[in-house]
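Both counts, for ligands and for their atoms, begin at 1 and track the order of listing. Keep in mind that the numbers below use all heavy atoms, side chains included, and drop hydrogens, waters and symmetry copies.
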Amino acid sequence: MNILAIDIGGTKLAAALIDANRQISQRLEIATPASSSLQALEEALAQLVAPYQGKAQCVAVASTGIIDQGILTALNPDNLGGLNQFPLQQTLQRLTALPCVVLNDAQAAAWAEYHYLADRFKHITFITVSTGVGGGVIINGQLLTGPHAFAGHIGHTQADPNGPRCGCGRTGCVESIASGRAIAAAAQNELQGKDARQIFSAAQNGSHQAQQLIAHSAQAICQLIANLKAILDTECVVLGGSVGLAQGYRQQVENGLALLPPPFHIPVLSAHYKHDAGLIGAALFAAEQNQ
Ligand code: ADP
Ligand code: BMX
Ligand code: ZN
C-alpha cells in the first residue's frame, strides 16, 4: 500500500509517497502561505496533492498546531500567518477522495523516531526546533497525545518570565526564544530582516551577534531538556526541525547539558529520519490505524 504523507509546517508544506518498507518517493515541497485565510491553505494543499492523484490508497498528515478530532487549532497563530482554525481532515479527504489520518507534526515525528529507536529505548521525547518549537512524547512505547491532543506542546513552557511575549499569549515561552522565528525576531542592526537560515550562515562566517542568537536558542532548549528529564524521566531526546538539525546546534545543546548536574544528563540524538520524520511518522501511524 502507498500512503500519501503530508507535513504541514509554519514555513513549508511537504508531501511524498511512502511504501510498506518506509521508503519515500516523489517528495515535493512548497512554501506555507503567509495568510490567515482558510482558502489560501486549502489552495496550497490542492496544489501539493494534485501530482499524486491515483497513486495512493490513503492520506497521512503531520501538521503544526493542536490536531484534535481532525481540526487544526493554532496554539501560536503567528506561525501560520494568523490562521487559527482549519478543518484539516475534512479538507484533505475532499481534495483527494481518500481516507485521511491527521496528527500533530512533532507527535508524528516522535512516532517515527521511536520506531527507529525501539530496541534501545521505550521513553523518548522528540523536539523540533523549526518555525516554532514542538514536541512529541513517547512513554513506555505509547505516543502521549492527551485528552485534547495538546500533550507535547513543550515549546509553550516558560523559559524566561522576562522574555518576549509569545504568539500563544504567554510570556517567555521556549518557542519565543529558541525557534527559527524567534532567532530572526531578535536579530538587530546588520542581521535585522534575516531569517534563521541566513543567521546560521552569518554565524559560520564569524558574526558575533549571530553566534549569540544561536547560543541563546540552544541554551533554552538545553534547559527544556533538563525540565523534561525531571518531569518524565525520558531516556533520550531526539532533535529535529531545520534549526535543530543545523550544523553544530545539537553539539551546543549537549555542551550546555554537560554543565548541569548529572541527574539531568541524557543522550541527545539528531533525528534519524532528518527532515522526513513527520512524513514517515504520520504514514506509520496511519498504517497502524488501518490494520
Ligand atoms: P517547518 O517549520 O515548516 O516544519 P523547518 O523545519 O524547515 O520548517 O523550519 C523552518 C525554520 O528553520 C525557519 O526559521 C528557517 O529560517 C530555518 N532554517 C531553514 N533551513 C535552515 C538551515 N539550513 N539552518 C538553520 N536554520 C534553517
Ligand atoms: C507551535 C505549534 C505546535 C507545533 C510547533 C512546531 C502552532 C501552529 N504550532 O508550537 O503545534 O508542533 O509549533 O511546528 O501553534 P513547526 O511549524 O515549527 O514545525
Ligand atoms: Zn507560547
Next item on the list: Any atoms of ligand 2 less than 4.0 Å from a non-hydrogen atom of S130? List them with their elements.
Entry: 16 (P), 18 (O), 19 (O)
Notebook entry, point to check: Against heavy atoms of T131, which atoms of ligand 1 measure under 4.0 Å?
Noted result: 1 (P), 2 (O), 3 (O), 9 (O), 10 (C), 11 (C)
Checklist line | Closest candidate by heavy atom, reference atom 17 (C) of ligand 1, pool G241, A196, S179, G180 | finding: A196
Notebook entry, point to check: How does T131 reach ligand 2, by side chain, by backbone, by both or by neither, if only non-hydrogen atoms under 4.0 Å count?
Noted result: both
Note to self: Starting from atom 25 (C) of ligand 1, what is the nearest protein heavy atom, named by residue and atom, and what distance separates them?
What the structure shows: F200 CD1, 3.4 Å
Margin query: With nothing but distance in play, are any N or O atoms of G132 less than 3.5 Å from an N or O of ligand 2?
Written below: yes
Item checked: Best match, T128, V243, T64, D105: closest heavy atom to atom 19 (O) of ligand 2 -> D105
Next item on the list: Distance to 0.1 Å, residue and atom name: give those for the protein heavy atom nearest to atom 10 (C) of ligand 1.
Entry: T11 OG1, 3.5 Å
Margin query: Under a plain distance cut-off of 3.5 Å, with no hydrogens placed, do H272 and E113 share a side-chain donor-acceptor pair?
Written below: no
Notebook entry, point to check: Under 3.5 Å between some N or O of ligand 2 and some N or O of T73?
Noted result: no
Checklist line | For L75, the ligand 2 atoms whose distance to one of its heavy atoms is below 4.0 Å | finding: 7 (C), 15 (O)
Check: Considering only the protein, which heavy-atom contact is closest to atom 18 (N) of ligand 1, and what is its distance?
Finding: S242 CB, 3.5 Å
Notebook entry, point to check: Taking all atoms of both residues into account, what is the closest heavy-atom pair of L191 and S207, and its distance?
Noted result: CD1-OG, 3.8 Å
Check: Is Y114 close to V238 at the side-chain level, that is, under 4.5 Å between some pair of heavy atoms?
Finding: no
Notebook entry, point to check: How about Y249 and S217: does a side-chain donor come under 3.5 Å of a side-chain acceptor?
Noted result: yes
Checklist line | The single option from L28, V49, I30 passing side chain to side chain contact (heavy atoms under 4.5 Å, CB included) against L13 | finding: I30
Check: Same hydrophobic cluster for L92 and L48, using side-chain heavy-atom links shorter than 4.5 Å among ILVMFWY?
Finding: yes
Checklist line | Atoms of ligand 2 close to G10 [distance to a heavy atom under 4.0 angstrom, numbered from 1] | finding: 17 (O)
Check: Can you check whether L80 has an N/O within less than 3.5 Å of an N/O in ligand 2?
Finding: no
Next item on the list: Check V133 against ligand 2 and report side chain, backbone, both or neither, counting heavy atoms closer than 4.0 Å.
Entry: backbone
Next item on the list: Check each atom of ligand 1 against the heavy atoms of V243 and keep those under 4.0 Å away; list them by number with element.
Entry: 12 (O), 26 (N)
Note to self: For the 3.5 Å polar cut-off, considering only N or O atoms, please tell me whether G9 and ligand 2 meet it.
What the structure shows: no
Note to self: Between ligand 2 and G134, is the shortest N or O to N or O distance under 3.5 Å?
What the structure shows: no
Checklist line | Donor on one side chain, acceptor on other, N227 and Q223, under 3.5 Å | finding: no
Check: Is the closest heavy atom of H156 to ligand 2 under 4.0 Å?
Finding: yes
Margin query: How about CZ on R27, more than 12 heavy atoms from neighbouring residues, nucleotides or ligands closer than 6.0 Å, or not?
Written below: yes
Margin query: Is the contact between S130 and ligand 1 made by the side chain, the backbone, both, or neither, using heavy atoms and a 4.0 Å cut-off?
Written below: both
Next item on the list: Classify the contact between N79 and ligand 2 as side chain, backbone, both or neither, using a heavy-atom distance cut-off of under 4.0 Å.
Entry: side chain
